[in-house]
Amino acid sequence: MEKLKQLSSSLIQPLLAIIVGLAAGAIAIAVVGGNVLETYGEMWKGAFGSFFFVTNTLSRATPIILIGLGVALAFRAGFFNMGSEGQMVLGALSAALTAIYLPGPGWLKLIAALMAGIISGGIWSAFAGWLDARFRMNLLITTLLLNYIATLFAGYIVSYPLKDKTGSAAMAQTVMIDNSAWLPKLFSGMSLHAGFLIAFAGALLLFFFMKYTVKGYEIRMLGGNPLFAGYGGVQRGRMMMLSMFVSGGFAGLAGSIEVLGTQYRYIDGALTTPGYAWSGIMATLLAGSNPLGTAVAAILLAGLQTGGMGMERNTEVPLEVSSIIQAVLILFVSAKITYSFIKRKKARDDNGTV
Amino acid sequence: MELFDVSLFASMLRLVTPILLAALGGAICARVGLFNVGLEGLMLTGAFSAIVGNYYTGNVWLAVIFAVLCTVIFSMLFAYMSIHLKANVIVVGISLNFLAAGLTTFMLRVIFDVKGAYYNKDMVGLPKWDIPLLRDIPWLGDVLSGHTPLVYLAIVLAIGLQLFFFKTVTGFRLLASGENPTAARSLGIKVTRIQYGAVLLCGVLCGLAGAQLSLGNVTMFTEGMTAGRGFIALVATMLGQSNPLGVAASSLLFGLMDALSLRLQGFSLPTHFTMMLPYVVTIVAMLIFKNKSYMQEARKANESSR
Amino acid sequence: ACGADKNNNAGNTPNNGTASGNEAGDDKEVKKIALVLPEKIGVNKFFVLMDEGFKKAGEEFGAEVKTIESTDPAGFEQNLRATVAEDYDLIITATFQAEDALKKVAAENPDKPFAIIDTVVDLPNVRSVNFREHEAAYLMGALAGLSTKTNTVGAIVAMDAPLLSKYTSGFEQGLKSTNPEAQFLVNYVGNFADPAKAKELALLQFDKGADYIAGMAAVGDNGVFEAAKEKGFFTSGQDTDRTDEDPEHVVLSQLKGTDAVAYETVKAFVEGNFSYGAADYGLKEGGVGLTYVTKETATPLNSFISQENVDKVKAIAEDIISGKLVVENPLAK
Amino acid sequence: MLLQMDNITKSYGSVAANSGVSFNLQKGEIHALIGENGAGKTTLMRILYGMESPTSGEIRLNGQAVSFDSPAAAIANKIGMVHQHFMLFPSFTIAENIVIGREPSKTVGFDRKKAIADVDALSKRYGMPVDPAQKVEECSLGVQQRVEILKVLHQGAEIIILDEPTGVLTPLEVKELLIAIKELARQGKSFIIISHKLQEIIEVADRITVLRDGKVTGSMNAADTNEDELSRLMVGRELVQLTRKTAAPGKPVLEVADISIRGNRTKPTLDGISLHVKEGEIVGIAGISGNGQSELIGAIAGLAKIDSGSIKLLGQETAGASVRTIRERGLAHIPEDRYQWGVAKDATVTENGLMGHANKQQKYGLLRGASIREMVAEWVKRFGIKTGSLSTKAQYLSGGNLQKLIVARELAQLTPFLIAAEPTRGVDVGAMEIIHGELLKKRDEGGAILLVSSELTEILKLSDRILVMYEGRIVGELASQSATEEQISILMAGGKRHGKAETT
Ligand SMILES: Nc1ncnc2c1ncn2[C@@H]1O[C@H](COP(=O)(O)OP(=O)(O)OP(=O)(O)O)[C@@H](O)[C@H]1O
Ligand SMILES: Nc1ncnc2c1ncn2[C@@H]1O[C@H](COP(=O)(O)OP(=O)(O)OP(=O)(O)O)[C@@H](O)[C@H]1O
Ligand SMILES: [Mg+2]
Ligand SMILES: [Mg+2]
């Protein structure tokens with residue numbers, strides 16, 4: 001009963017926020033002279049309107065979920081990892097190179113590529129952790145800066161030494177990965193691939209890990225109060241390296257999965273322009289670092305994006321406006337509408353009695 | 001041509017001004033406990049509205065004021081969402097970045113009926129001041145003279161803000177609100193009002209930063225022309241530990257490295273690596289600007305009781 | 001005015017009735033045509049032009065046209081798939097960035113007609129239109145080599161990416177052909193949308209002695225123009241004729257007829273002349289060009305570039321068109 | 001009547017923190033408010049100070065009905081409050097902390113010189129010495145307490161609320177504070193003072209009001225009552241006198257030999273400390289806080305690094321070992337500062353209880369949820385911890401209840417050795433009795449306990465041997481049977497008579 005009450009009260013907040021967000025978006029649509037119902041209709045269709053579009057949305061949510069999970073883990077441990085972008089890029093690059101250059105059967109390439117992605121994303125992230133532990137460098141700053149370094153480095157690799165010289169050779173990208181090492185598509189003709197299942201499993205796994213294991217408990221306490229955790233015997237340095245590694249590993253996995261399931265090669269800029277990293281961070285924050293919530297929030301954000309595309313395709317609302325509506329919606333989804341509502345109500349009640 | 005010559009430092013000053021102005025804005029927000037990831041969006045808003053102001057008024061000063069006004073309005077959205085509606089500041093910041101990108105692109109179409117960039121060769125940018133006495137100092141004169149007023153204003157503001165924080169009553173209360181909001185509130189200090197004020201000031205500074213970018217560095221607006229400067233400003237804010245002079249120092253360091261990296265492009269190193277220079281050097285610089293240990297932070301967060 | 005299609009592949013006339021033959025013949029039905037772009041039109045003049053040509057054709061030939069911009073590569077593939085699902089009659093797309101996705105989607109939908117501008121996708125249901133920008137860049141380089149007084153010319157380029165080497169390499173080949181002594185400075189902005197940095201780089205090249213600095217930085221070109229105005233050096237633009245923006249400093253513009261190509265593609269489809277295979281647009285076909293040399297412009301010639309030099313380069317252009325001179329495509333190496 | 005609070009009721013959801021409380025205060029009076037943890041004392045005062053609004057009830061000041069919607073309004077009406085938890089700005093100076101809100105200024109500038117001068121004058125006038133230019137984070141808790149009071153005085157308060165002002169003070173500091181309060185009352189200021197230390201209450205107060213479960217259970221003149229009656233009114237039952245059996249020490253459990261920690265100033269923080277604790281014995285460490293006790297505890301618990309010396313637990317060297325190793329070998333630890341070290345505020349009661357037990361409550365790395373909840377539920381019952389549920393966040397527990405949770409957790413580690421630092425800080429007399437009883441029980445069962453407390457009565461009541469620390473050294477060892485408070489106090493002050501001791 002208690003649980004049920006808690007659940008419903010935790011649902012009221014996002015629902016209310018979505019309603020207010022939609023109202024704010026409606027104003028934006030009306031301002032540009034669009035038909036609100038029609039526009040939202042198209043948005044809904046583009047995001048979840050049919051099986052095809054649902055799979056589209058889930059496919060877009062896949063990297064966001066994985067990044068969100070990584071960020072969530074780090075947040076829970078008390079580390080503000082803003083370096084998902086760089087970790088994802090390095091993971092993607094390593095995965096692509098492994099899948100291309102490792103000899104052997106396709107399944108081996110695939111697994112090795114995924115591992116390589118996780119490991120290199122993890123190491124890059126743990127490096128920031130090490131800088132913090134060893135030299136007391138603010139993790140927030142280093143992770144932000146390491147993004148630039150990673151992206152430039154990957155850009156160099158695919159512009160020069162390992163550039164794709166086949167075909168038009170006009171893009172900074174690696175050659176195509178052999179199709180035996182691709183992550184299979186789940187339905188033919190649709191973009192959803194097996195990576196989504198990995199992300200889904202990742203969310204469940206992280207949820208159970210955080211909630212039901214000793215290590216998960218220790219990580220949570222470390223984030224709650226590092227002094228308390230230290231006093232209780234949790235080793236901060238080791239935990240920091242571990243959680244940053246896993247956090248970056250998730251980002252690396254996100255990159256690998258995009259490469260192995262969608263693009264089939266590493267393309268310079270293909271992972272950074274969609275802003276997956278920022279979306280992942282937002283998903284985490286919206287969900288209060290709860291792994292399952294993060295997955296849901298990621299799907300919501302992805303739905304906003306694919307819905308925005310649908311809106312652009314099928315109405316006269318241009319892309320800029322669809323991005324405005326997306327931003328407004330996110331803005332209000334993040335607001336604690338209930339909070340201010342309750343506070344105001346309380347103030348009213350109080351005034352009545354005093 | 002030498003690597004370290006006059007034009008390098010002049011170039012540094014130009015490159016750094018928008019970053020510095022925004023970073024100071026970030027510092028004010030940070031001082032009241034609001035971590036503003038939305039600097040990029042605020043700056044973009046400033047850059048765009050400066051051009052709009054210039055287009056309609058034809059006066060560059062009115063344009064700057066207009067930019068400041070628009071950015072302040074935009075920053076109030078940040079304040080309202082994060083202070084009043086208790087939304088996560090980082091989410092608000094990120095979505096404001098998206099919102100600014102969308103809005104400016106959209107308005108570019110609506111107002112100027114162009115996509116991508118608005119450029120008009122008759123548009124007059126901010127004047128470049130040749131400062132009489134300064135100009136004549138041998139080397140320094142060439143570095144320091146001949147910039148837009150906003151460049152000098154940025155320097156003045158960095159010092160002014162330092163004085164404001166540490167020498168005035170209002171500044172003192174602002175710092176107090178950030179240091180321990182509960183305590184400040186219990187003393188009857190209007191913490192919320194101060195937070196709004198801080199965000200407003202941040203809006204002013206980001207408006208100026210944008211104006212310098214679109215009317216000072218160049219005289220045009222192009223989509224996404226802030227090109228990540230807001231995030232660099234964020235780094236400068238943190239690296240300078242929200243101390244105006246520290247922020248100025250770290251911005252200058254970054255600007256110098258940025259200017260230097262442009263010059264190093266001519267040499268044998270691949271461009272990708274020369275472009276890394278500012279980021280690598282900033283990380284190295286962090287060895288000197290030590291972070292507070294996590295123990296101290298945690299102590300503060302878990303305020304000692306009795 | 002675009003050149004004729006060059007059907008270099010025997011098997012690429014419509015291979016089944018469902019493509020252009022049938023549908024294009026059916027006059028009563030309004031054709032739904034989508035132009036799906038892999039990026040936001042945003043700062044890219046190239047896309048702006050294409051969009052204009054596309055819309056114009058739609059109006060003139062009574063087709064229902066829709067331009068769809070994408071925010072990123074993953075989004076592009078989704079948009080492409082969605083346009084297939086939403087059953088457009090023809091789907092046009094553009095640039096190298098669209099290649100991978102188009103290869104996948106076109107292969108999965110062999111009955112759907114596609115077109116791609118600015119690169120070649122070798123599939124039976126795709127019509128490709130390619131440009132040889134390096135030829136125009138060659139002319140520009142040659143003219144710059146003849147005109148420079150300081151024997152130093154520069155180029156401000158958006159990114160150090162292979163795609164843009166078509167411009168830099170063509171330019172450099174042309175420059176060395178007319179002025180082997182000339183020094184060629186290249187600097188990269190690092191992205192497509194930073195005029196402030198582009199300007200800073202142009203000032204730097206000016207300091208190093210360049211008197212002609214070509215803008216190859218997308219929207220960054222505006223920054224280069226501004227530096228030219230401030231310091232009094234000469235510069236040039238890309239894609240459209242930009243000499244009218246500041247005739248005193250913007251002395252040349254390299255042209256690329258993406259609008260005409262988009263227009264022609266729609267026209268051909270509506271009129272039923274649509275054919276598959278690859279068409280290549282270079283100087284010969286008039287798909288690319290250079291102001292004054294291949295295309296007259298209303299802006300009077302700047303004295304920095306003398307008529308004499310223009311005439312010399314016109315001769316070079318003739319050589320390229322006739323095939324006597326072959327400009328090396330850096331991407332084909 | 002200066003102040004009158006009539007029929008105040010305050011409910012938080014289903015919890016009634018105050019129900020129909022009436023309270024009054026006269027000019028120049030010291031009125032004590034006492035009651036169990038969670039009885040509603042702080043809530044009542046927060047209402048008076050404008051930090052909470054009552055669900056119902058009325059406040060009258062000089063006969064006029066008032067209602068404060070913010071502390072600013074209360075301050076404007078000359079009401080000042082020293083909070084149970086310090087409301088200070090650690091990185092600011094003392095002067096800044098005192099004048100904040102009413103800063104002396106030159107045009108817009110903050111006149112720090114005048115602030116220092118004002119604070120100097122203020123501290124002289126009320127006889128509370130402070131160094132205005134010192135940073136608060138560098139001050140002892142006693143000085144911080146003084147800063148809080150000076151701040152209230154600087155605001156011009158006539159009614160001063162002190163919520164547990166003596167909780168963290170040393171006996172000497174308490175004595176000084178009480179003297180200062182009496183002096184201020186003589187000058188016409190009125191005080192409301194909350195405390196769990198009945199002895200001081202009787203000493204300082206004119207009148208006493210007792211709260212239990214949000215209701216007033218008695219109000220009397222201090223002269224007409226005694227500790228026993230007060231505790232009965234508070235707890236609602238008779239407290240049992242604890243009796244201590246004679247010690248039967250066994251073999252040594254903890255052996256500390258000659259450990260030192262270099263300080264960042266000239267003096268070492270720990271200077272050649274040697275001590276041992278045997279099975280079945282409680283060794284008490286007395287001393288004014290800041291004389292190395294925290295560092296000593298830190299060193300033994302593995303939280304602080306020592307520069308030289310050796311620490312043996314059950315014969316094994318543990319200096320330099322990780323906290324985890326030391327705990328596994330046999331350490332449990334009730335930390336000195338419960339909020340900083342003892343809990344994660346955002347975590348639930350269960351999660352906070354699990355710390356240190358996780359490795360025992362697991363199978364293949366998975367936590368055994370049911371068994372963990374059972375364990376914590378048992379503590380809640382045994383120690384009478386007042387909590388909404390096991391999944392209530394720790395921050396919603398009152399300090400005393402949180403302390404009981406921590407004590408329960410550490411005793412349940414069932415280790416041969418326990419560090420108990422300030423085990424009853426801020427808890428009410430009833431809870432104190434329970435905690436003391438549990439500590440003695442552990443000792444009688446053969447446990448070795450190192451007790452660190454600034455509360456001399458506690459030290460005397462529980463310890464078998466008493467060590468006194470001063471400036472990082474152990475300056476005396478006393479057998480508890482023969483030790484007196486006087487003796488210990490002299491040693492705590494460094495061998496000098498305490499009147500001359502340094503107090504900052
Ligand atoms: N903001 C709040 N929300 C919910 N419950 C609260 C809140 N504040 C106080 N309470 C509850 O009200 C009751 C009274 O709390 P209060 O702090 O007044 O006790 P107290 O007498 O000061 O206790 P202590 O001696 O521990 O300081 C407690 O049960 C507490 O849990
Ligand atoms: N954020 C909050 N929300 C709800 N209630 C709170 C909150 N913070 C504190 N409380 C309640 O306010 C009361 C005062 O809390 P506090 O931490 O001062 O306890 P305490 O008075 O220190 O206990 P003790 O006297 O035993 O040391 C507690 O009863 C607590 O339940
Ligand atoms: Mg209390
Ligand atoms: Mg208390």
Side-chain angles (χ1 to χ4, degrees), chain A residues 17 20 32 78 80 82 131-133 135-142 144-149 151-157 159-160 225-228 230 236 240 275 278-279 281-282 285-286 288 318-337 339-340 343, chain B residues 35 37 41 77 80-82 84-92 94-110 115 223 228 231-232 234-235 237-239 241 270-276 278-280 282-283 286-287 289-295 297-299 301-302:
Chain A
V20 175
V32 303
F80 215 105
M82 297 263 263
L131 288 178
D132 184 316
F135 299 108
R136 283 208 261 129
M137 291 187 182
N138 186 329
L139 195 82
L140 200 71
I141 315 183
T142 47
L144 264 177
L145 289 171
L146 287 173
N147 283 342
Y148 293 94
I149 296 175
T151 347
L152 283 167
F153 174 75
Y156 169 76
I157 295 292
S159 298
Y160 291 103
N225 177 358
L227 297 181
F228 173 52
R236 182 180 188 262
M240 176 177 211
W278 287 117
S279 300
I281 291 174
M282 285 205 286
L285 292 171
L286 286 175
L319 185 66
E320 302 92 76
V321 176
S322 111
S323 65
I324 292 174
I325 296 168
Q326 284 172 44
V328 168
L329 282 173
I330 297 171
L331 202 55
F332 279 92
V333 169
S334 69
K336 305 268 183 298
I337 311 280
Y339 174 88
S340 65
K343 219 177 114 179
Chain B
F35 184 61
V37 198
L77 191 58
Y80 182 74
M81 296 301 300
S82 48
H84 240 88
L85 295 187
K86 295 279 180 283
N88 182 299
V89 270
I90 293 178
V91 176
V92 175
I94 300 172
S95 13
L96 281 191
N97 288 338
F98 285 132
L99 187 59
L103 268 182
T104 51
T105 313
F106 174 66
M107 297 307 284
L108 192 66
R109 280 258 306 260
V110 172
K115 276 204 159 190
E223 270 177 33
F231 292 103
I232 296 305
L234 198 64
V235 169
T237 298
M238 290 188 282
L239 193 59
Q241 312 202 325
T271 335
H272 294 95
F273 291 104
T274 61
M275 283 180 184
M276 279 181 204
Y279 310 108
V280 173
T282 308
I283 290 185
M286 290 173 70
L287 276 172
F289 296 96
K290 274 251 162 48
N291 196 24
K292 279 210 189 99
S293 86
Y294 82 95
M295 297 269 280
E297 308 249 328
R299 281 225 164 89
N302 299 282

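None of the values given here were measured: they were computed from a predicted structure.
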Item to complete: Please state whether the side chain, the backbone, both or neither of A:Tyr160 comes within less than 4.5 Å of a heavy atom of chain B.
Response: side chain
Practice prompt. Answer whether the closest heavy-atom distance between the side chains of A:Trp278 and B:Asn97 falls below 4.5 Å.
Written response: no
Worksheet, complete the sentence: From the list A:Asn147, A:Leu286, A:Leu285, the residue making the most non-hydrogen contacts under 4.5 Å with chain B is A:Leu285
Worksheet item: Would you find more than 12 non-hydrogen atoms of other residues, nucleotides or ligands less than 6.0 Å from B:Phe273 atom CZ?
Response: yes
Worksheet entry | Side chain / backbone / both / neither for B:Val37 at chain A, heavy atoms under 4.5 Å | side chain
Worksheet item: What part of A:Thr151 is in contact with chain B, defined as an atom under 4.5 angstrom from a non-hydrogen atom: side chain, backbone, both or neither?
Response: neither
Fill in: Approximate separation, where rounding is to 0.5 Å, of B:Ile283 CD1 and A:Leu145 CG
5.0 Å
Worksheet item: For the residue pair A:Ala327 and B:Ser95, what are the closest heavy atoms and their distance?
Response: CB-O, 3.6 Å
Item to complete: Take A:Tyr148 and B:Ile232 through the side-chain contact (heavy atoms from CB on, under 4.5 Å) test and state the conclusion after the steps.
Response: CA-CA 11 Å; A:Tyr148 293 94; B:Ile232 296 305; 3.9 Å; yes
Discussion item. Give me the atom names and distance for the closest heavy-atom approach of B:Gly102 to A:Ser323.
Written reply: CA-OG, 3.5 Å
Worksheet item: Which residue out of B:Thr105, B:Val280, B:Leu239, B:Ile94 racks up the most heavy-atom pairs below 4.5 Å with chain A?
Response: B:Ile94
Worksheet item: Is any side-chain heavy atom of A:Met82 closer than 4.5 Å to a side-chain heavy atom of B:Phe231?
Response: no
Worksheet item: Does the side chain of A:Leu131 reach to within under 4.5 Å of the side chain of B:Met286, using non-hydrogen atoms?
Response: no
Worksheet item: Considering only heavy atoms from C-beta outward, does the side chain of A:Val328 approach that of B:Leu99 to under 4.5 Å?
Response: yes
Worksheet item: Measuring heavy-atom distances to chain B, does A:Leu331 have an atom under 4.5 Å in its side chain, in its backbone, in both, or in neither?
Response: both
Worksheet item: By a 4.5 Å heavy-atom criterion (distance strictly below it), what part of B:Leu234 contacts chain A: side chain, backbone, both, or neither?
Response: side chain
Fill in: Atom of A:Met282, atom of B:Phe98 and distance for their closest heavy-atom approach
CE-CE1, 3.7 Å
Discussion item. I need the minimum non-hydrogen distance between B:Met276 and A:Ile149, along with the two atoms involved.
Written reply: CE-O, 3.6 Å
Worksheet item: Is the A:Tyr156 ring parallel, tilted or perpendicular to the B:His272 ring (thresholds 30°, 60°)?
Response: perpendicular
Worksheet, complete the sentence: Tested for side-chain contact (heavy atoms from CB on, under 4.5 Å) against B:Val235, the lone hit among A:Asn138, A:Leu140, A:Ile141 is A:Ile141
